[in-house]
Engineer: 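Got a structure here, written out as structure tokens. Questions coming.
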Amino acid sequence: MKVNNLEKVFNLFDTNGRRSDVINAYKIYTNILEQVYAESESGVWGRYPNESTQFRFYELAIENSPEVFKQHPKYDKFVEAMEDPFIKAEFAKRDISYLKKKTYLKQLYADLDSSIEGRARHYSSNLVKIGLADEQRQISPVGKSWIHGKKLRRSRFENLLPIDETNLLFFRQLLKLRVYSKEGEKYYSPMLMAMYILLNYPRVDQDLFVTMIQMLNPYLPITPSIFVKEFLNGHAQKLEREYIPFFESEALDTVANESLPMSEEIFSENFKSGKSEKAIRVYREFYECLIVFNSERTEESLKRIVELFSDAQKKAMLNKAFGFGRNVFAFDKSDKTNVIKFMELNEELDILTNQDINRKLFLQFQASKRHDGIQEYGDVTRRVMKVTSIISFKNGVVELVQRDLWKKFFAEIDLEKLIFGNSTAEEYESYEKKSISPFLNHLSLEEIFEYEDEKVDKAILEIQDDLDLSSEEEIRRTLFNQTSKAFIKHIEDHYPKEKIIEILPLFSDRSNDSRIQKIVAENTDVPTIFEYIVGIAWYHISAQKFDLFSSLNLSMSADFEPETHAGGGAGDIVIDYGDYILMLEVTLMNKHAQKRGEWEPVLRHATNLTIESAPKEVTTLFIADELDENTINIWRAVATVPLQSSKKNDTFAETVTIMPLKNEELLKMLQNGTDETKFLKKIKGSFNQLSTNFNMGWRNEILDSI
């Protein structure tokens with residue numbers, strides 16, 4: 001990934017099309033790319049009318065996330081226009097210069113290029129930044145493994161970690177991530193900076209942590225040890241304001257040389273806020289009030305400033321533009337227009353004098369505007385880091401999970417020297433852009449850091465000694481058990497039975513989605529949250545306690561928030577009770593969509609699990625908010641026929657037990673204190689009545705008879 005100039009703030013997820021469920025979006029967009037190429041004859045990422053891939057990507061993005069892309073008037077207009085055979089024929093000529101010249105086609109093509117295909121390019125660029133696809137939008141080996149749920153080849157050290165495949169995959173990608181300068185000659189590694197901070201400081205304020213990582217770029221390397229120490233010792237705002245040398249610009253010279261007040265034209269050109277004319281007018285009002293106050297220092301001139309900041313909307317705009325998201329000024333609550341008190345409270349501000357005011361205000365505006373970008377993009381970086389499950393963001397404090405373990409792993413790695421680096425344009429190409437690039441392919445933690453075997457041996461032996469254990473397997477099991485117990489404590493603290501009874505009914509009305517996200521996880525899609533809550537509900541229902549942490553087939557953050565469904569061809573929740581297996585398949589699809597989207601995968605998962613778990617019995621519960629009679633009866637009917645494994649063609653399950661269950665029925669079990677033992681016994685008794693004496697040769701007998 002590149003940043004084109006020293007002022008630019010790097011971002012892992014492009015502003016155009018940003019959504020809160022970042023990890024879910026990565027998966028949706030990677031799956032869309034795969035579908036686009038499966039449908040395309042050429043397999044080339046290109047523009048309409050020569051290629052349909054970019055247009056199709058946007059079309060599928062709307063289809064897959066209707067709750068995100070609610071309005072798309074230009075897409076609708078284009079689709080409607082293409083229903084006209086004449087216009088369709090004009091586009092079929094594949095002459096872009098012709099389309100741009102024709103009056104009645106010019107705007108339509110412009111909308112297609114910027115508002116439809118342009119957005120497809122923006123959305124898919126997010127996959128390129130994290131290495132799930134290359135610049136030509138071909139899915140990388142890393143991306144393919146993830147969407148198909150393939151098991152990663154884990155190194156010895158990785159095998160100790162109580163994190164799942166998605167957690168590990170994103171951790172690896174972030175460790176490999178480099179933010180390059182425009183020419184590819186310098187780079188900055190944000191995740192290595194994050195690890196350096198947390199290895200040296202056990203608890204860090206979240207805002208400071210995110211700002212430190214996000215504000216840096218490859219053009220201006222710093223010495224991490226000095227920078228972090230000063231930043232955390234009360235010099236954060238000063239370091240951020242002075243990091244970028246905004247004073248070296250032609251625009252600054254223009255503004256500084258203006259008389260007071262500067263002309264409206266010069267002001268508007270240099271104090272911009274996107275396309276908002278209203279914001280510029282508010283900035284101008286502030287500027288003029290400031291000049292008058294600096295000249296007069298009267299209660300009347302201060303009163304104008306107080307009135308300006310009394311307007312909540314204007315105050316928010318000014319704080320964002322000039323105050324680094326905080327209050328530009330401090331006011332005495334008892335006497336806001338007292339000039340002496342006002343000056344005392346704001347004595348450190350250099351804009352309370354008209355001497356060089358144009359220059360000072362411009363520098364403050366530029367630095368504050370960059371700070372806004374740091375906060376905006378930093379929030380996305382935080383969300384992506386969360387999915388590694390090794391960094392905890394809890395109650396505004398950031399900590400490294402299993403910190404002692406990581407200190408041993410990084411003991412002989414000089415992280416400080418790896419955070420910034422130099423390269424050539426050729427090295428950049430080799431690292432990030434070629435098909436065999438390290439960034440696009442699987443590398444274990446040891447391979448990323450070129451860790452020799454003896455160093456691994458040493459680190460693992462030290463961990464064994466610390467934990468008083470005798471083998472790597474004991475380390476793995478101990479860390480896993482610690483995490484599992486911590487998860488149960490999280491459930492008991494945050495999701496007691498009463499809380500689950502409160503949450504479950506909300507899923508019956510999709511207008512409650514934002515409310516559910518606010519309660520559980522704001523950056524996760526609701527179907528994943530439903531799976532998470534159903535798993536916890538069953539934990540409260542179950543008389544036999546089981547390992548909930550390993551039963552859930554979804555990725556969680558270090559703070560045990562659900563992130564995304566893990567995939568991999570397995571059921572949603574698979575519970576091993578020891579002598580039998582229970583699988584919960586969970587969906588929020590309505591009863592009509594279930595036929596298309598759930599029948600095949602549920603049947604496949606249940607069949608494969610039944611075969612693989614033999615001789616243990618397997619029961620599957622199909623849990624949905626609503627069910628139709630066909631679905632109910634088909635799940636009953638499949639128990640009467642042998643079903644073939646999708647993995648081994650010569651292997652069959654004699655019977656597959658799938659019990660359909662509504663969300664409201666699960667809720668009643670929870671409310672009534674019903675445990676699973678009687679319920680599962682009743683299911684077994686009912687399904688055992690079905691005949692399993694099935695004639696596998698019935699079809700051949702019919703054909704042979706004719």
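The first residue in the sequence is number 1, and the count goes up from there.
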Engineer: Can you list the steps and then say if Ser189 with Arg178 is a side chain to side chain donor-acceptor pair (under 3.5 Å)?
Structural biologist: CA-CA 5 Å; Ser189 300; Arg178 292 176 178 175; 4.7 Å; no
Engineer: Just checking, is any N or O donor in the side chain of Ser508 or Asp625 under 3.5 Å from an acceptor N or O on the other one?
Structural biologist: yes
Engineer: Using ring centroids (six-membered ring only for Trp), state whether Tyr283 and Phe365 fall under 6.0 Å.
Structural biologist: yes
Engineer: Verify side chain to side chain donor-acceptor pair (under 3.5 Å) between Tyr180 and Glu432, making sure each step is shown before the conclusion.
Structural biologist: CA-CA 10 Å; Tyr180 281 90; Glu432 195 168 281; 5.5 Å; no
Engineer: Decide yes or no for Phe227 and Leu216: does some side-chain heavy atom of the first lie under 4.5 Å from some side-chain heavy atom of the second?
Structural biologist: yes
Engineer: Would Arg304 and Glu307 count as a salt bridge (charged side-chain N to carboxylate O under 4.0 Å, His left out) if you check the C-alpha gap in whole Å, the side-chain angles of each, and the deciding distance to 0.1 Å?
Structural biologist: CA-CA 5 Å; Arg304 287 183 61 192; Glu307 288 174 351; over 6 Å; no
Engineer: Return the OG1 to CD distance between Thr211 and Glu240, rounded to the nearest 0.5 Å.
Structural biologist: 5.5 Å
Engineer: With heavy-atom distances below 4.5 Å as the criterion, would you say the side chains of Asn217 and Glu7 are in contact?
Structural biologist: no
Engineer: Working note: Leu400 + Tyr201, criterion side-chain contact (heavy atoms from CB on, under 4.5 Å); need CA distance, chi angles, decisive distance, verdict.
Structural biologist: CA-CA 9 Å; Leu400 194 58; Tyr201 298 86; over 6 Å; no
Engineer: Should Lys386 and Ile391 count as side-chain neighbours, where that means a heavy-atom distance under 4.5 Å?
Structural biologist: no
Engineer: Would you check, one step at a time, whether the test ring pair (Phe, Tyr, Trp, His ring centres under 6.0 Å) holds for Phe57 with Tyr29?
Structural biologist: CA-CA 8 Å; Phe57 184 97; Tyr29 292 158; 5.7 Å; yes
Engineer: If you round to the nearest 0.5 Å, how far is CD of Gln364 from CZ of Arg241?
Structural biologist: 4.5 Å
Engineer: Classify the angle between the aromatic ring planes of Tyr495 and Tyr532 as parallel (below 30°), tilted (30 to 60°) or perpendicular (above 60°).
Structural biologist: perpendicular
Engineer: Are the ring centres of Tyr188 and Tyr219 closer than 6.0 Å?
Structural biologist: no
Engineer: Do Ser225 and Glu416 have side-chain atoms, one donor and one acceptor, less than 3.5 Å apart?
Structural biologist: yes
Engineer: So that I know where these two stand, are Tyr109 and Tyr104 an aromatic pair - ring centroids less than 6.0 Å apart?
Structural biologist: no
Engineer: Anything under 30° is parallel, anything over 60° is perpendicular, the rest tilted; go ahead and classify Phe267 against Phe271.
Structural biologist: parallel
Engineer: Answer yes or no: is there a side-chain heavy-atom contact under 4.5 Å between Asn294 and Ile357?
Structural biologist: yes
Engineer: Nearest 0.5 angstrom please: Arg359 CZ to Thr254 OG1, how far?
Structural biologist: 13.5 Å
Engineer: Do Arg510 and Val526 have side chains that get closer than 4.5 Å, going by heavy atoms?
Structural biologist: yes
Engineer: May I ask you to check whether Ser511 and Asp509 show a side-chain donor-acceptor distance below 3.5 Å?
Structural biologist: yes
Engineer: Is the shortest side-chain heavy-atom distance between Thr524 and Asp21 below 4.5 Å?
Structural biologist: no
Engineer: Hydrogens and angles aside, do Asp559 and Ser392 bring a side-chain donor and acceptor to less than 3.5 Å of each other?
Structural biologist: yes
Engineer: Compute the ring centroids of Phe170 and Tyr26, then answer whether they are less than 6.0 Å apart.
Structural biologist: yes
Engineer: Determine whether the aromatic ring centres of residues Phe342 and Phe329 are separated by less than 6.0 angstrom.
Structural biologist: yes
Engineer: Give me the one residue out of Asn512, Ile533, Asp513 that meets side chain to side chain contact (heavy atoms under 4.5 Å, CB included) with Phe507.
Structural biologist: Ile533
Engineer: Can a side-chain donor-acceptor contact be found between Asp111 and Gln107 if the only test is distance below 3.5 angstrom?
Structural biologist: yes
Engineer: Are Arg370 and Tyr243 side-chain neighbours, meaning at least one heavy-atom pair lies under 4.5 Å?
Structural biologist: yes
Engineer: Determine whether Asp113 and Arg47 satisfy the following criterion, salt bridge (charged side-chain N to carboxylate O under 4.0 Å, His left out), listing intermediate values before the conclusion.
Structural biologist: CA-CA 8 Å; Asp113 184 48; Arg47 303 183 185 189; 3.0 Å; yes
Engineer: As an exercise, state the distance from OG of Ser268 to CD of Glu277, rounded to the nearest 0.5 Å.
Structural biologist: 7.0 Å
Engineer: Thr337 and side chain to side chain contact (heavy atoms under 4.5 Å, CB included): which partner among Asp332, Val306, Thr298, Ile305?
Structural biologist: Val306
Engineer: Compute the ring centroids of Tyr377 and Phe13, then answer whether they are less than 6.0 Å apart.
Structural biologist: no
Engineer: Classify the side-chain pair Ser295/Asn354 by whether it contains a donor and acceptor separated by less than 3.5 Å.
Structural biologist: yes
Engineer: Does the side chain of Gln313 pick up a donor-acceptor pair with the side chain of Lys278 at under 3.5 Å?
Structural biologist: yes
Engineer: Please output the side-chain donor-acceptor pairs of residues 315-325 that fall under 3.5 Å, not counting sequence neighbours, one pair per line with the distance.
Structural biologist:
unit_1, atom_1, unit_2, atom_2, d
Asn319, OD1, Val328, N, 3.1
Asn319, ND2, Lys315, O, 3.4
Asn319, ND2, Asn327, OD1, 3.2

Engineer: Please check if any side-chain donor atom of Asn11 sits under 3.5 Å from a side-chain acceptor atom of Lys129, or the reverse.
Structural biologist: yes
Engineer: When rounded to the nearest 0.5 angstrom, what distance separates CD1 in Ile351 from CG in Leu363?
Structural biologist: 11.5 Å
Engineer: Nearest 0.5 angstrom please: Asn358 CG to Glu258 CD, how far?
Structural biologist: 7.0 Å
Engineer: Mind listing the side-chain donor-acceptor pairs of residues 228-236 below 3.5 Å, one per line with the distance, residues two or more places apart or on another chain?
Structural biologist:
unit_1, atom_1, unit_2, atom_2, d
Asn233, ND2, Lys229, O, 3.2

